[in-house]
Amino acid sequence: MSLKLFNTLSGKPESFKPLDDKTVRIYSCGPTVYDAPHIGNFRAFLFFDLVKRYLRFLGYEVNHVMNITDIDDKIIARCGEEGKTLSELTNEYRAAFEKDAVSLRIDLPDTMPAATDHIDDMIDLIKQLIDKDYAYLTDDGSVFFKIGSFPNYGRLSNIDTSQLSSTERVTDDEYGKENPQDFSLWKAWKEEDGEVEWESPWGRGRPGWHIECSAMSMKYLGEEFDIHCGGVDLIFPHHENEIAQSVCATDKLFVNFWLHCEHLLVNGAKMSKSLQNYYTITDLINRGYTASAIRYLLTASHYRHKVDLTEEHLLAASQAVNRFQDFRRRLEKLATSSSGHEADLPVLDEFRKAMNNDLNIAEAMGKVFDWIREVNRKIDSNDLTTEEAGRFIEVLDKIDSVIAVVSDDKPEITDEEATMIDEREKARQEKNWSRADEIRDYFRSRGFELEDTPDGTILKLSKEGSDKL
RNA sequence: GGCGACGUACCCAAGCGGUCUAAGGGAGCGGUCUGCAAAACCGCGAUUCAUCGGUUCGAAUCCGAUCGUCGCCUCCA
């Protein structure tokens, strides 16, 4: 059975095949770097990462491009507030984004082009659209895309443009539009823009939001590529507009598969700053949740369903991840060396079968947990050979190449604390239980758990976050 | 108003016409193991899938209606 992915364009699952048969070309909409990215943004970035990792699991090469939006209204406003230049601000938040992405084990895209480095490409694209009469210039020097010139406009979002409300507000910088629904390709300079400006054939100004993705995706991936993904909120208008611009400019397909992931909720509500339920990765890690638990929660639910970030769900995710990590630790104890041959077990086929069905990760995880129980049973009854243990580690790691939650979140302790663990071992041998428990309680208060096994004591991170959400 | 999604045990969740008296994870309870704990394993836990009708030999799965939750309709991952 081959991979099926739900294509927003058709509204149903379709068999996936790369356009060139071996390398999958993916473009995903990246962060707007005007503030620290929040956990909701990361649900999308983790989704892109999952898609990419799974395609590699299937044996495809992947070429992934993700833009960095470093020019837009919010960024300009923020520069004013913080008294920073555009590049100071955007470099700072781009770095923050990359740091959090790495901490969540997101495999960074092959190319992360910044919009401001591609103004010329955007201008070229806009020129083509004007030449072909898909776009027009207004008196103030702005350029708009004429949606009426593109018959397929609305197909992705399933919106009938004639049904769109005609009482659209027209903002200050958008007067002169022939149709209220036309969107801007180039925005003429305004006083609020300050020093943020570029020269263009239409005078100084800056690009509209949507054009960067068309220009950069086609520049790095070609005029036709395999997958374009983003959050559901981007379907309209962002991706609809991207299609209009790109298809009209090239008369090509542009994108074969459009994939969109659902939003993350916090305690059942949409995230917003006014509700103070606006978390960053650093917030959650500082509260004692591990990167693996966060990753599991955001990734192990189906991407087209909403996920609710709550204390209870984080705890459940954390336990699920512990189960994987403890399992690997048990295998490590038994395995002498890796078997060296290609790992293959029925569980991998079951995992693949589930994931092939539009990334049905819940079912896939169910199969993996079934397998883990079966192997644990074998370990308990001393039936597992060292050779098998080595092979099972390979299988687990193969699964982890997709889910990326099994490798340990290593607890960090001081030298004195390391000595305390030795001291506790001695106390236990002397049956000084009160001292042994005292030391364990100390570690608990620090967010660690000491687990005694026949082969010695293991230090783990506690499952619970230290601060409530 | 237009378009769309969803409603399965205490929580999350799979299920795409028969193998469903419904996977898996978390929480809970009982047990084995253990100095104690933890981990692991064993056992318990929905005769039922929002409600009501219909199609069918057969439905959680298809159709219709009703109730409820939510998203999008140019800030947004």
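Note that the structure is a prediction, hence the values are computed from the model and not measured. Residue numbers begin at 1 in each chain, while the letters A, B, ... track the order of the sequences.
Residue-level contact check: A/His305 touches the backbone only, with heavy atoms under 4.0 Å from sugar-phosphate atoms and none from bases.
With 3.5 Å as the limit, one finds a donor-acceptor pair spanning the side chains of A/His64 and A/Lys52. A side-chain donor from one of A/Glu212 and A/Asn67 sits under 3.5 Å from a side-chain acceptor of the other.
Across B/C70 and B/U32, the matching P atoms stand 47 Å from one another, rounded to whole Å. The separation of B/A50 from B/C6, taken at their C1' atoms, amounts to 11 Å, rounded to a whole angstrom.
Nearer the 5' end of RNA chain B, as judged by each residue's closest nucleotide, is the contact made by A/Asn158, out of A/Asn360 and A/Asn158.
Residues that satisfy the side-chain contact (heavy atoms from CB on, under 4.5 Å) test with A/Ile235, not counting sequence neighbours, are A/Thr8, A/Leu156, A/Ser157, A/Val232, A/His260.
Taking a pair to require two hydrogen-bonding distances under 3.5 Å in either a Watson-Crick or a G-U wobble arrangement, B/U48 remains unpaired.
Other residues, nucleotides and ligands place more than 12 heavy atoms under 6.0 Å from the NZ atom of A/Lys333.
A donor N or O paired with an acceptor N or O is not found under 3.5 Å between the base of B/C70 and the side-chain atoms of A/Lys270.
As a whole-Å value, the separation of A/Leu264 CG from B/A77 P is 13 Å.
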Whether each nucleotide of nucleotides 27-37 of chain B has a protein heavy atom under 4.0 Å at its base (B), only at its sugar-phosphate (S) or at neither (-) is summarised, 5' to 3', as S-------BBB

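Using a distance-only test at 3.5 Å, with no hydrogens or angles considered, no donor-acceptor pair links the side chain of A/His302 to the main chain of A/His305.
Exactly one of A/Tyr27, A/Phe225, A/Phe16 qualifies for a ring-ring contact (aromatic ring centres under 6.0 Å, His included) with A/Phe257. That residue is A/Phe16.
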